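Some notes on the structure that comes next.
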Amino acid sequence: YEKYRALGQSKKVVAIGEFGLDYYYEPKSREKREAQRRKQKAALAVQVRLAQELNLPVILHCRKAHDDLIEILNTRYTIQNTKLRGVVHCYTGDLKQAEQFYNLGLYFGFNGLIFKDVPALPNPEEIISSIPLDRIVLETDSPYLVPSQAGAERNEPMFVKYVAEEISRIKSISMEEVASATTANAKSLFGLPQT
């Protein structure tokens with residue numbers, strides 16, 4: 001903890017993450033599954049504490065665990081009157097969960113996953129249209145989640161333009177407006193110069 005705390009004090013560090021809860025690959029036995037979830041929740045608590053001590057935003061990973069993450073963030077971090085700043089990376093929750101993350105003050109990260117037809121996931125178009133533009137940031141998740149338009153096997157940061165174009169289409173606004181707003185959002189969230 002102290003080593004990461006020391007590293008986190010560098011001016012080059014703008015956030016703590018990516019960390020969170022991931023229930024996608026879990027043991028079959030209930031006992032092992034619960035033990036694994038307890039370990040993840042304990043690690044989450046330590047990393048949030050580190051971010052709060054350093055006054056840095058968090059980048060939250062959440063896969064098939066949105067309700068648990070919301071419950072933890074609500075009970076542990078809002079009761080203490082501590083406003084947690086951060087982004088839910090690669091957002092895959094539903095609308096109700098999005099509203100709860102929104103009420104916590106968090107941003108939503110979108111990447112090439114919005115182009116994938118994944119039956120188990122909520123409709124990204126419905127989610128994106130419901131979230132105000134001032135809470136959206138663009139992500140690549142490079143080298144993964146390549147937008148199909150890129151025609152590549154490996155994702156690259158330059159392919160984030162396809163995500164911006166899709167958000168522009170969904171929200172019926174210009175690509176320039178999406179680019180400007182999401183850039184300003186990222187700079188604000190991560191404390192970067194606004195120039």
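All values reported here derive from a predicted model rather than from experimental measurement.
- Heavy-atom minimum distance, A164 versus L138: CB-CD1, 3.7 Å.
- Checked by atom type, the side-chain pair Y23/D68 shows a donor-acceptor distance below 3.5 Å.
- Side chains of Q47 and Y1: no donor on one and acceptor on the other come within 3.5 Å.
- A salt bridge does not link R33 to E31: none of the charged side-chain nitrogens sits closer than 4.0 Å to a carboxylate oxygen.
- A centroid separation of less than 6.0 Å is found between the aromatic rings of Y91 and H66.
- Scanning both residues, N155 and V146, for their nearest heavy atoms gives N-CG2, 3.2 Å.
- With salt bridges taken as basic N to acidic carboxylate O contacts below 4.0 Å, none links K161 and E165.
- Taking the six-membered ring for Trp and thresholds of 30 and 60 degrees, F110 and F108 have nearly parallel ring planes, at less than 30 degrees apart.
- A salt bridge links R169 with E125: at least one charged nitrogen is closer than 4.0 Å to a carboxylate oxygen.
- Checked options H89, E18, Q40; the residue passing with H61 is E18 (criterion: side chain to side chain donor-acceptor pair (under 3.5 Å)).
- Relative to the ring axis of Y24, R63 places its NZ or CZ within 45° and under 6.0 Å from the centre.
- Other residues, nucleotides and ligands place more than 12 heavy atoms under 6.0 Å from the NZ atom of K116.
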Worked verdict on R38 versus E34 for salt bridge (Lys or Arg N to Asp or Glu O under 4.0 Å): CA-CA 6 Å; R38 279 193 302 274; E34 290 305 317; 5.0 Å; no

